[in-house]
Amino acid sequence: MLKKKIIFLVGPTAIGKSAIAIHLAKKIDAEIISCDSMQVYSLMDIVTSQPSSTQRKQIKHHLLGVVNPIREYNVARYRKEAIAICDKLFLKGKIPLFVGGSGLYYSVIIDGLFPAIGEDKSIRARLDKELSLKGSSCLFQRLSKVDPLSAKKIHPNDSRRIIRALEVYLKTGLPMSSLQKNRIGLGSEYEIKIFALNANRKTIYNKIDQRVDKMFKTGLINEVQGLLRLKLSKTAFCAIGIRELESYFKGEYDLDEARRLIKRNSRHYAKRQLTWFKKDARIHWVNIKDEETPGEIAKRIWKKLF
RNA sequence: GCCGAGAUAGCUCAGUGGUAGAGCGCGGCCCUGAAAAGGCCGGCGUGGGGGGUCCGAUUCCCUCUCUCGGCA
């Protein structure tokens, strides 16, 4: 029996995924499921560069602007919601086209998430306190005793991951490393095609600069000012642009500096995204040329689909 | 034109008679419930050009070029 197809279009920030995705979706009768940890939030259209309303009218988009930014969001929720949408699309006879740049999010769809517990606020608060009192090496030693395999993988300075691994152990009594072996994703059930866009580093960085300038022109400052009046969740607050403008509002530096930092942090982000994608051997790379239009690129991808 | 200061990494600069560092930038990497987050690694260099002293010069001397101050 022929497996059903799921398509992923990933790539670094600002490279032009959204426009290409719409051309592609039209050709194959797909609907788009956003694969972006920040575009799920509402009220953050400009700072997260969500597809425009005209774009969204052309093709149905899912998981865009659906979470209030005062709420936390995470991979587990994303996985659950995205898979539910996927199932619905298959019933309608549509192809799911995942589009976005969050490496962990797409991998969790394809490869699955190990069955574990979510965040436990009280355990974390306790571990956080221990971290600030005794430092990460103390936590790391504890982890080495209860879960040596995880300790081997996690760097002693990476307190975030040490805490998570300890949290899993304290809550389940099992080392996280053994739970992680249990992972089932959609990859076994469906035919998965992953396309990653890439271009010269310089081209990507130019696109980032242009996008950031455009964000400022279209009302970034007002949007972020409004967001800062809310009590943003720790996850929503992480969107590039918020921290940088908050410091500007506090008078720590001028607007040019804020703009420079937003550009720089976006460059670093794009680099990390590419590192993530590069190690995924399943990816079909699509190197885009400077003069190519979104329609032409979509056509190239389409040809590789069958 | 004269006087002074300087010319070292992509940028701003430190330092030394035994071929060089720091911050930022940049490059590479890791990643399972915060992932646009978090963490790790890497100096990426004809030391302005040319001569001299010295076993040895980026460092000392001479000269040229350029830059920045000050005086005209």
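Naming: A, B, ... by sequence-line order, numbering from 1 per chain.
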- Query: Among the nucleotides B/G33, B/G25, B/G28, which one has an atom lying closest to any side-chain atom of A/Leu113?
  - Reply: B/G33

- Note on the structure: Answer for the Watson-Crick or wobble partner of B/G27, both distances under 3.5 Å, is B/C41

- Message: Tell me whether the rings of A/Phe277 and A/Trp285 are parallel (<30°), tilted (30 to 60°) or perpendicular (>60°).
- Response: perpendicular

- A/Leu104 has a side chain; which of B/C26, B/U32, B/G39 sits nearest to it? B/U32

- Item | Which nucleotide in B/C31, B/C26, B/A35 has an atom nearest any side-chain atom of A/Lys279 | B/C31

- Task: Can you label the angle between the A/Phe90 ring and the A/Tyr190 ring as parallel, tilted or perpendicular, going by 30° and 60°?
- Result: parallel

- Identify the nucleotide, in any strand shown, that forms a Watson-Crick or G-U wobble pair with B/C68, with both distances under 3.5 Å; if there is none, say none. B/G4

- Side-chain H-bond candidate by donor/acceptor type, A/Glu72 with A/Thr235, under 3.5 Å: yes

- Note on the structure: Taking a pair to mean Watson-Crick or G-U wobble geometry with both distances below 3.5 Å, B/A20 pairs with none

- Message: Applying a 4.0 Å non-hydrogen cut-off, can you work out what A/Arg164 is touching in the nucleic acid: base, sugar-phosphate, or nothing?
- Response: base

- Nucleic acid contacts of residues 225-237 of chain A, taken as heavy-atom distances under 4.0 Å to RNA chain B: A/Lys234, A/Thr235

- Task: On RNA chain B, check which nucleotide each of A/Ala76 and A/His268 is closest to and give me the residue with the more 5' one.
- Result: A/His268

- With no angle test and no hydrogens, is the base of B/G39 tied to the side chain of A/Arg161 by a donor-acceptor pair under 3.5 Å? no

